[in-house]
Amino acid sequence: MAYNHDVIERKWQHYWKTHKTFKADIDTTKPKYYALDMFPYPSGQGLHVGHPEGYTATDAISRMRRMQGFNVLHPMGWDAFGLPAEQYALKTGHNPKDFTAQNIKVFKHQIQSLGFSYDWDREINTTDPKFYKWTQWIFEQLYKKGLAYEDKIMVNWAPDFMGGTVVANEEVVDGKTERGGYPVYRVPMRQWVLRITKYADRLIDDLDDVDWPESIKEQQRNWIGRSEGASIFFDVDRHPDAKIEVFTTRPDTLYGATYMVLAPEHDLVNQITTPAQKTEVEAYQEEVSRRSDLERTDLNKDKSGVFTGAYGINPVNGKKIPIWIGDYVLASYGTGAIMAVPAHDERDWDFATKFGLEIIPVIEGGDVTTAAFTEDGPHINSDIVNGMDKKTAIHTMIDWLEEHHAGDKKVNYRLRDWIFSRQRYWGEPIPVIHWEDGESTLVPEDELPLRLPASKQLEPSGTGESPLANIDDWVNVVDENGRKGKRETNTMPQWAGSSWYWLRYMDPHNDDAIASSEALNYWSPVDLYIGGAEHAVLHLLYARFWHKFLYDIGVVPTKEPFQKLVNQGMILGANHEKMSKSKGNVVNPDDIVSQYGADTLRLYEMFMGPLEDSVPWDEKGLHGSNKWIQRLWRLMIDDNNHLRDRVTTYNDGKLTKVYNQTVKKVTEDFSRLHFNTGISQLMVFVNEAYKVDDLPVEYMEGFVKMISPIMPHMAEELWSQFNESETIAYQKWPTYDPAQLVEDEVEIVVQINGKVKSHLKVAKDAAKDDLEKLALADEHVQKNLTDQTVRKVIVIPNKIVNIVAK
RNA sequence: GCCGCUGUGGCGGAAUUGGCAGACGCGCUGGACUCAAAAUCCAGUUCUCGCAAGGGAGUGUGGGUUCGACCCCCACCGGCGGCACCA
């Protein structure tokens, strides 16, 4: 009978569930393997075909590792705080908690229908107070170490978004919110901030120790943006008490500094501006402050600025240079002030050209009247560094500056501290109380978790604060001395829970610690982490930051959380475009499961191309995967659902070679996550098996084991026919006999001038001389060599003979 | 503009170390089975000339290194992703 996926998949999913087949416990006699998926946000849309691609890959590795004797931790959970639930609640009057619970139910059901070998006893949920108790606990440790602080800072304020909210820099794209596309303005506001910049160097340097895609490492390095240079101090003419510190990566060009620019928000601007320039400067400051980020970005092609009337003094030559303000200098980077070297910096060149400022070349080469010259070359017009190249000149100049107390070596980062508060209800409450006397205290650890108050009806506060601000009996507190206080109404961003969740899976029910040190020591680190490339910087940077902090306070045993990281590619629509509702090319995994079964979907997604690549969905290819599943079922199973008689203990040796090749290739390819090529070898084996009369039981058992990581339901059903054990999940992974792969005869290629002319079967390891003779004697070769003289013969034993002739 | 990745049949892709380009699958063509169709099984399928034997071309383009290049080097073109006044 034909394979009935419906019945068989349900049967084995039920078996795994009732037998807790994939329950993981610490077992120090076995090596551990931790395979992790990026846990999903349970959206109302349900699962997308993109989700199961990564999930199937980690599942296949988990299943293979179990069979190879590893103790495997393979968990799943829910990143369930998030904006959509809050928006839904505000819109409909429902509670985000119930809405989220419903979504999780749908997601879980869908995920379970795909037969993943998760240990569901370890399921976690970031919105569960038992989980966020520890998110809050980590926040308190950060606070105690001075890594969490409050600050009135310029934030990205999106007034039209959710009754007004603040979003992180990372969530702003082209001056608009990433979600919703609402305009964003820069305004000062009190925020919680995490001092991630303190870890900047380690976040860059430790990338060298992990097995991650180079592109992700590069993106993180760029995001952190370490740049090495110097701080230089400029005196201000007629202001003996003022000093301007600038950051530059090119201290060697100091003699070419012909003016300075301060950010319009710079503290010294008001102090040094001359009365004559005051009106103009203030008008410019006012204009700039009203610009949104969008406008600033859009207008940046054309540089703007105003002269302050003041002059700085170049420390190296005492020259007076004008001080301008301009918004191409950012207040938030470096010191908010620069020395401008228009001859050798494009931005400065544009500005100088527009405002007619002096341009002095200090490096030979190029023509500074037409463009800035940014290449290396011997220095000129530069007394102490004349003739030197860039590198030498930088060193020399820094030495000079340090000797004369006019500057020093300095490293700067693009990375800013992490704005950690959101004006939302549906997030982890920040466990802080602000007292009427001005003191702020943490909620004591033994009172955690600080729970979100249940609320029937969420309403925007209308003030830009979180909806929590309206819930009086939660916000207002009184201590034992009658002192009144208010709870912090900001909540944590969605990144909080995902910054440590992989640790909780190791010991998910522990009420005394984020996880026991026994569990942390045994399971750490994550051996394989698979997820989408969209988390290249944010999630993965925050997670590494928290992990390093927990390492520093002795909680976790490793410096890095994720040893190996892989980004699965996107599954595109059949038209090669990104799947989206509006394009009508979305494929729903539920439909595939009901039509073809989970094994077909899993097989297809692993076979369609390399895991890391984006590949278009192809209905025909999916159908082909199902055809192959049916084909291999028919190979072994007869019309009465029994093993065919061809499956026998008799081994005529016809499949020996291809079987051993298959074990080798499948084991190696799967280990490297090259599922598409491993599967193609399984197909080769089936094609060969169709050509022979007898199918040795030994090989067929090994074959069924090899398909089990990809097609676990069918594998279990076939395995049950052998009556060896109840489940295949912990059967020993097959091994191959290298002796069976050695040939005594090999086919070598004969080329003339690099073109293949003939093939020869020769004894393995035949001597070079013999190969040369054989090749030259070959009929085809002879024919092709008429009228030609052999100049040279290259012989690579067991591979090739190349005859060079003219 | 800068950084990273990438380019192979009609399509998805393979080629682990510089050594037979196109494994495997889809599609297509033919055959077997069938009254017929579907399904299945078998064979063929880079392009091109040729009845065939056999020949020629061929891994984005142009050059180079090499006995030999999808693979290494240089320049260019296209696609994808990231960053984008970060001094």
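Letters A, B, ... are given to chains in the order of the sequence lines, protein chains preceding strands, and every chain is numbered from 1.
Taken to the nearest 0.5 Å, the NE2 atom of A:His344 stands 11.0 Å off from the CG atom of A:Asp376.
For A:Tyr328 and B:A87, the shortest distance from a side-chain N or O to OP1 or OP2 is not below 4.0 Å. Regarding contacts with the backbone of B:A84, a side-chain N or O of A:Arg414 is found under 4.0 angstrom from either OP1 or OP2. Under 4.0 angstrom from either OP1 or OP2 of B:C80 there lies no side-chain N or O belonging to A:Ser614. Taking side-chain N and O atoms only, A:Arg221 has no distance below 4.0 Å to OP1 or OP2 of B:C3.
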* Step by step, work out the side chain to side chain donor-acceptor pair (under 3.5 Å) result for A:Tyr328 and A:Asp348. => CA-CA 9 Å; A:Tyr328 83 98; A:Asp348 297 343; 2.8 Å; yes
* To do: May I have the step-by-step check of side chain to side chain donor-acceptor pair (under 3.5 Å) for A:Ser227 and A:Asn412, ending in yes or no?
  => CA-CA 5 Å; A:Ser227 73; A:Asn412 244 313; 6.0 Å; no
* Check step by step if side chain to side chain donor-acceptor pair (under 3.5 Å) holds for A:Asp201 and A:Tyr413. => CA-CA 9 Å; A:Asp201 276 320; A:Tyr413 304 91; 2.6 Å; yes
* To do: Apply the test ring pair (Phe, Tyr, Trp, His ring centres under 6.0 Å) to residues A:Phe355 and A:Trp324: give CA-CA distance (whole Å), side-chain angles for both, the deciding distance (0.1 Å), then the verdict.
  => CA-CA 10 Å; A:Phe355 293 106; A:Trp324 286 61; 4.9 Å; yes
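For A:Gln630 and B:U40, the CD to P distance is 9 Å, given to the nearest whole Å. In this structure, CH2 of A:Trp324 is placed 18 Å from C1' of B:A87, rounded to the nearest angstrom. Between A:His674 atom NE2 and B:A15 atom C1' there is a gap of 13 Å when expressed in whole angstrom units. At whole-Å resolution of the value, CG in A:Leu611 and C1' in B:C5 are 16 Å apart. The distance from atom CD1 of A:Ile224 to atom C1' of B:C3 is 15 Å, rounded to the nearest whole Å. If you take CG of A:Leu572 and P of B:C11, they are 16 Å apart, rounded to a whole angstrom. The distance from atom CG of A:Asn222 to atom P of B:A84 is 10 Å, rounded to the nearest whole Å. Taking atom CD of A:Glu53 as the reference point, atom P of B:G12 lies 16 Å away to the nearest angstrom.
A gap of 27 Å separates the P atoms of B:G9 and B:G4, to the nearest Å. Between B:G31 and B:C24, the distance separating the two C1' atoms is 23 Å to the nearest Å. As rounded to the nearest Å, B:G60 and B:U6 have C1' atoms that lie 11 Å from one another. Distance check on atom C1': B:C26 versus B:A75 gives 38 Å, rounded to whole Å. Across B:G81 and B:U29, the matching C1' atoms stand 41 Å from one another, rounded to whole Å. The P atoms of B:U34 and B:G27 are separated by 25 Å, rounded to the nearest whole Å. The C1' atoms of B:A69 and B:G62 are separated by 16 Å, rounded to the nearest whole Å. With P as the reference atom, B:C71 and B:C2 are 25 Å apart, rounded to whole Å.
Among the nucleotides B:C83, B:A87, B:G82, the one closest to any side-chain atom of A:Thr248 is B:A87.
The glycosidic torsion of B:G63 lies more than 90° away from 0, which places this base in the anti conformation.
Contact between A:Leu572 and A:His576 at its shortest, heavy atoms only, is CD1-O, 3.7 Å.
Under the Watson-Crick and G-U wobble criteria, each requiring two contacts below 3.5 Å, nucleotide B:C72 is paired to B:G64. Judged by Watson-Crick or G-U wobble contacts below 3.5 Å, the nucleotide B:C83 has B:G1 as its partner. Remark: B:A43 base-pairs with B:U29. Criterion, Watson-Crick or G-U wobble with two distances under 3.5 Å. The partner of B:G7, taking Watson-Crick or G-U wobble pairs whose two distances both stay under 3.5 Å, is B:C77.
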* To do: Produce a footprint string for nucleotides 16-32 of chain B: one letter per nucleotide, 5' end first; B if the base is under 4.0 Å from any protein heavy atom, S if only the sugar-phosphate is, - if neither.
  => B--BBS-BBSSS-----
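Summary of the strand contacts: A:Pro616 and A:Tyr413 both lie near RNA chain B, and taking for each the nucleotide with the nearest heavy atom, the more 5' one is attributed to A:Pro616. Residues A:Val615 and A:Val804 both approach RNA chain B. Their nearest nucleotides, taken by heavy-atom distance, put A:Val615 toward the 5′ side.
Atom NZ of A:Lys217 is surrounded by more than 12 heavy atoms from other residues, nucleotides or ligands within 6.0 Å.
Screening A:Ile707, A:Asp669, A:Ile710 for a side-chain contact (heavy atoms from CB on, under 4.5 Å) involving A:Leu682 leaves a single residue, A:Ile707.
Side-chain atoms of A:Arg544 come within 3.5 Å of backbone atoms of A:Leu203 as a donor-acceptor pair (strictly under, hydrogens ignored).
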